[in-house]
A.B. asks: 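Questions regarding the structure given below will be posed in turn.
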Amino acid sequence: MSKQKIVLKYPTHVVEEPVIYNLVKDFDLKVNILKADISPRKEGRMVVEIEGDQEKYLKAVDWLKEQGLGIFGLQQQIVWREDLCTECGSCSAFCPTGALEIQRPEMRVNFNESKCVACEHCLMVCPVRAIEAIKEET
Amino acid sequence: MAKTIGEINERIRKGEAVVVTAEEMVSVVEEKGVSEAAREVDVVTTGTFGPMCSSGAYFNTGHTAPKIKLGGGRVFLNDVPAYTGLAAVDLYLGCTAIPDDDPRNRDHPGDFRYGGGHVIEELVSGKEVKIEAESYGTDCYPRRRLEGYFDLSSINEAVLFNPRNAYQNYAVAVNTSSRTIYTYMGILKPDMGNANFCSAGQLSPLLNDPMYLTVGIGSKVFLGGGVGYVAWHGTQHNPSAPRGDNGIPQAPAGTLSLIGDLKGMNGRWLRGTSYLGYGTTMTVGVGIPIPVLNEEVCRCTAVKDRDIYAPVIEYSHDFPQATGKILGKVSYADLKNGRITVEGREVPSAPLSSYPRAKEIAGILKDWIEQKQFYLTEPVKGIPGPDSGYAQQPFKGRQV
């Protein structure tokens, strides 16, 4: 069994295909959609967590690539620039997973990368732009 | 047993002064009591590091040959417009100024990535900024255009002069509407999804001197990483705000106008800041040393987060429409814990003002005093206090 967080980039022609349905039905994978930005006839982007048999997961990745989807790793996606951060903590109310959190009682801000699902809410909240999104293909 | 600022400075000079931060002072007074703490402690240092929109700097660029009259002309620093309604080469740059071609909120919510505060941050960080100017030309100032670069070392004066800083307490912002709103208090989720607050609480300068017993015009302070002074009471100074039994305002109250040499400051403590859908501002570091002149001052500096209450204000309707309605009051102890109760509902709370940086400022100021690099000044005049009758008022001019 393996659990992976990946970013799926949908080219225009795939947006209307039932990609997630196929992942579940044909590859027996548990797919949890963490973030999706999909519109008809437009390029789309989806952050998913996929859980299932490693072999089936790799077959699914091959199939996704055949369909023309881009697959990106999530690990390097969100970068907390500690040197730019003022530790105000306003991101903490927007981070849905607690990856960016305030450590009490000191009120220090900490980023726990393993909890980050790259939803990018923090990017719009951070008043000093101390969070960067870096898209890196795996 | 009262002390004078002169006596405290003498103790600083001899290396005998006892200096503690406002956070440390809480436990000092809890352990020793007010009388003993007042005898032992000479100075309590405070700090705050939050967005302060009424901030900016004035510059004198020096004259070019031939001369140009920037006054009355148009000047842009890194595309951000500066105020030129002054003498020939004097300029004022406010932190909320944004480039003319910034799309603002046309594509709502606008990003507001760069403004006057960012220009000031670049300058204090030693960077060059681009100046583009045009003017109308006179017999004595014939030049009409100027394009070039300068940094702080290549101009005459660069002075941070902020009409309003260091708000004594502030509102807690929530949104009861059904849509997300983008405010100067940050992004507020619908249906009271979050609450934002903006004060250093027990470390905040004016919350440690709630009656303005020691802070006044001429008080020497930490400003933007350098040295500044209280120039005046700040705009919207409102000493008549409602206060609790402990004398602490339970609404935004006193403010200070601060001034200091920008050339002695640094970019860690003056940060260009952007609020999505609202605009740009600057996060300013301010720290004020409070001389423990007597027991009354001592008691004030022992203030704790749980003794300070902020009003909860609704920002989709009540704030913009100036209804004056308050949804309740919550303590900074609860605000910092991350959960407050508003109208019976639990709401997650998050700060806009950095407590760790406020603490760092109080620590730096403490070091400066202990190292005899910073002496206290006697204010030349107080600022209007709670009994002065001075109060902030709404617009009373004529609207057409």
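Every chain is numbered from 1, with letters handed out A, B, ... down the list of sequences.
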A.B. asks: What part of Ile102(A) lies closer than 4.5 angstrom to a heavy atom of chain B: side chain, backbone, both or neither?
C.D. replies: side chain

A.B. asks: Against chain A, work out which of Leu276(B), Leu352(B), Asn337(B) has the most heavy-atom pairs shorter than 4.5 Å and name it.
C.D. replies: Asn337(B)

A.B. asks: Name the member of Gly267(B), Ser353(B), Pro348(B) that forms the most heavy-atom pairs with chain A at distances under 4.5 Å.
C.D. replies: Ser353(B)

A.B. asks: Check this for me: Arg345(B), atom CZ, are more than 12 non-hydrogen atoms of other residues, nucleotides or ligands nearer than 6.0 Å?
C.D. replies: yes

A.B. asks: Could you tell me whether a side-chain N or O of Lys189(B) sits under 3.5 Å from a main-chain N or O of Ala93(A), the two making a donor and an acceptor?
C.D. replies: yes

A.B. asks: Just wondering, are more than 12 heavy atoms of other shown residues or ligands nearer than 6.0 Å to CZ in Arg306(B)?
C.D. replies: no

A.B. asks: Using a 4.5 angstrom heavy-atom cutoff, name the option from Asn194(B), Thr281(B), Ile187(B), Thr273(B) with the most pairs to chain A.
C.D. replies: Ile187(B)

A.B. asks: When only pairs under 4.5 Å are counted, which of Thr283(B), Asn196(B), Asp111(B) shares the most heavy-atom pairs with chain A?
C.D. replies: Asp111(B)

A.B. asks: So what's closer than 4.5 Å to chain B heavy atoms on Glu106(A): side chain, backbone, both or neither?
C.D. replies: backbone

A.B. asks: What do you reckon, is CG of Asp107(B) surrounded by more than 12 foreign heavy atoms closer than 6.0 Å?
C.D. replies: no

A.B. asks: Relative to chain A, which segment of Arg268(B) carries a heavy atom at a distance below 4.5 Å: side chain, backbone, both, or neither?
C.D. replies: neither

A.B. asks: For Lys9(A), look at atom NZ and say whether over 12 heavy atoms of other residues, nucleotides or ligands are found less than 6.0 Å away.
C.D. replies: no

A.B. asks: Under the 3.5 angstrom rule, does the side chain of Ser92(A) hit a backbone N or O of Ala350(B) as a donor-acceptor pair?
C.D. replies: no

A.B. asks: Checking Arg129(A) against chain B: side chain, backbone, both or neither under 4.5 Å from a heavy atom?
C.D. replies: side chain

A.B. asks: Would the distance check show the side chain of Arg271(B) and the main-chain N or O of Cys85(A) forming a donor-acceptor pair, the cut-off being under 3.5 Å?
C.D. replies: no

A.B. asks: Which atom names give the shortest non-hydrogen contact between Arg104(A) and Gly338(B), and what distance separates them?
C.D. replies: NH2-CA, 3.5 Å

A.B. asks: Answer yes or no: are there more than 12 heavy-atom neighbours, outside Glu55(A) itself, under 6.0 Å from its atom CD?
C.D. replies: no

A.B. asks: To the closest 0.5 Å, what do you measure between CE (Met107(A)) and CG (Leu203(B))?
C.D. replies: 11.5 Å

A.B. asks: Looking at chain B, which one of Thr86(A), Val125(A), Val128(A) has the largest number of heavy-atom pairs inside 4.5 Å, strictly under?
C.D. replies: Thr86(A)

A.B. asks: Between Phe112(B) and chain A, which part of the residue has a heavy atom less than 4.5 Å away: side chain, backbone, both or neither?
C.D. replies: backbone

